Amino acid sequence: MTALFKIALRAIKRNKLRSSLTILGIVIGVGAVIVMVSIGQGAKAFVEKQLESLGTNVLIIIPISTTHAAARGTTGIITLTAEDAFAMVKECSAISYVSPGIRTTTQVVYGNMNWTTGVSGAGPDYQIIRNWTLHGGRFITQQDVNTMAKVCVLGQTVVTNLFGALDPIDRWVRVNNIPFKVVGVLSAKGQSPTGQDQDDMVLMPYTTVQRKIMGVTYISYVLASSTTAESRFEAIDQITSLLRQRHRLRPNEENDFTVISQVEFASTVMETSHTMTVLLGSIAFVSLFVGGIGIMNIMLVSTTERTREIGIRMAVGAKEKDILFQFLIEATVLSSIGGVVGIILGIFTSKLVSYYGGWPSLLSSPSVAVAFLFSNMVGIFFGYYPAKKASRLNPIDALRYE
Amino acid sequence: MHDIVLLNDIYKIYTMGEFKVTALKGVSLSIKKGEFVAIMGASGSGKSTLMNILGCLDSPTKGKYYLEGVEVSRFSKNELAEIRNKKLGFVFQNFNLLSRTTVVENIELPFIYSKKISKNDIDKIHHIMRILGLDGFQKHYPNQLSGGQQQRVAIARAIVNDPTLLLADEPTGNLDSATSKDVMSVLTNLNQNLGITIVLVTHETDIAGYTRRVVVLKDGKVLSDTPSSSSAIPVVRAP
């Protein structure tokens, strides 16, 4: 067996250019497999991280301007109110927490420092729904909401940029020239899976943002959490019928809101990655197939060229299986080399894709092993016919072959 | 003592489409250990076919072939390969060495298909190379050697497995007369000093003259089987 390996390696080395052209198809095929698997797994990990960070039971209700309103030539009337949110937690059995939300981007000033960031209006349940922990101080209370208190809770990024090393609790920041008292600081959460800095944010009672900063009465979204991850579908149904009723929509009218579940958002990401996986998978399949045919073709040429060698080997006692193995090993070694090169190329490509394309990629050693095994199988599968043909040669004819 | 080779009424019929060509029509022949036999005949006489059958490269259509008392005429392809590996050695007209493979690797080729090569085998290869005057050519490639040297390498390969029978098919056919003489003296030496049984196919009378027995074939039959006339050495017959 070792001797057969030596023979095969020597034959491959003898025709370096031919061998490298032969394995090209396998290289591309295995490379595509690696990229496919790493992108697929990367997307899966991304989604899992997203769900972990946002919660599987979080629902976001956002208003949409209706076609009806657009027909009147307006940009649409936002119909979602804080009362809708409270009705949800009261009426819907599958909802446990709600927080009305409104968001704007503005400049926050402390002393001679300023920082432009997102100011989010929230209710007291926001902390539970989004699973925030406090670094210090307290969170927004119901009383803050009721009194439109000029208080705020800062994310870590804002703290760093405005206060540096100072403790911001009980200090005053200015937004739109109105002073707000810092009552709490959130613990750092870091980047969201989509790459946003979750700590770059200022929280205030939603009533404060509505009246003191934006001067509006509507809210721009409602954050809700269903009792369990499984009850989210029930919760979506309950919210939908409740809001339709509260907004007095006729059966033929479309919803003036939409309910988004994080899980559904995640599955969209999964679907996209699935499409990519299928695409890359078909490239991989076609290249591996073409690569396999390439190997078969070269092996057929090679066995014909070496007919006399086969005859000599048979004359000195090589059995059918010796010849079969010799060429099968040659084909397999060829495709394995292709596999290794393909794996390296694939790893490189998927790193490149995730670096420039912003697409997450993750590579596990089992998938590399599977890709390598696959390239071996291609070699065995497509090398078998030429090897079998060589082993069936009649020694007398083979010896006479010119 | 039994014969090393015993052919009993051997027929070989080739079917080519609708035609049937009978290459051998009842050849019977026995060869004893230590003999040096020449098989002669015009082309088409069946001598190549006989050689192939003797060399276990082909099986007879009819008749029996005993090699060292074992009937090999009905052996399978694999069994024949095994016999070739263990009991036969071949020397061909066109040397049939593996190109781009060193001399040593060519000589050890039969071992690759039978066992792991031991220190003993390596010593043996060196010994044989010394006997055949190939010392120093171990790492050479066949195309770096002269025709005579290449044929010596082929002979070395043929005897490395201590064959029962050495078959030489026109071994001097591609060589000039001086080199032919040289190769023939190598074969004669192997026969006389090492007692290797040799069957040689040739159409040249002077080459046949090196042997001690000449079998002439004609139209697939044995025409004559006589002691070699020009041989300097008296024919030794087993009692």
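Everything numeric in this text was worked out from a predicted model, so none of it was measured. Just so it is clear: chains get the letters A, B, ... in the order the sequence lines come, proteins before strands, and each one is counted from 1.
- Between B:N106 atom CG and A:I312 atom CD1 the span is 7.5 Å, to the nearest 0.5 Å.
- To the nearest 0.5 Å, the span separating CG on B:L109 from CD on A:E309 amounts to 8.5 Å.
- Of all the listed residues (A:L4, A:D322, A:I7), the one sharing the greatest number of non-hydrogen pairs under 4.5 Å with chain B is A:D322.
- Comment: A:R10 engages B:E105 in a salt bridge, judged by a side-chain N to carboxylate O separation of less than 4.0 angstrom.
- Looking at heavy atoms from C-beta onward, B:L98 lies in side-chain contact with A:R313 at the 4.5 angstrom threshold.
- Crowding of B:K64 atom NZ: a count of heavy atoms from other residues, nucleotides or ligands under 6.0 Å not exceeding 12.
- Distance check, rounded to the nearest 0.5 Å: CG of B:N96 to CZ of A:R308 gives 5.0 Å.
- Contact annotation for B:L97: only backbone heavy atoms (N, CA, C, O) come within less than 4.5 Å of a heavy atom of chain A.
- Among all heavy-atom pairs drawn from B:L57 and A:P395, the shortest one is CD2-CB, 3.8 Å.
- Separating the OG1 atom in B:T49 from the CD1 atom in A:I396 is a distance of 8.0 Å, to the nearest 0.5 Å.
- Shortest non-hydrogen contact noted between A:L393 and B:K77 is O-NZ, 4.1 Å.
- Shown here for B:A81 and A:A318, the closest heavy-atom pair between the two residues is CB-O, 3.8 Å.
- The two residues B:F92 and A:A315 have their closest heavy-atom pair at CZ-CB, 4.1 Å.
- The shortest heavy-atom contact between A:G317 and B:Y113 is O-CB, 3.8 Å.
- Expressed to the nearest 0.5 Å, how far CG of A:L399 lies from CG of B:N94 amounts to 8.0 Å.
- By the neighbour-count criterion of 12 heavy atoms within 6.0 Å, atom NZ of B:K86 is densely surrounded, having more than that number from other residues, nucleotides or ligands.
- Residue-environment remark: OH (B:Y14) exceeds the threshold of 12 foreign heavy atoms within 6.0 Å.
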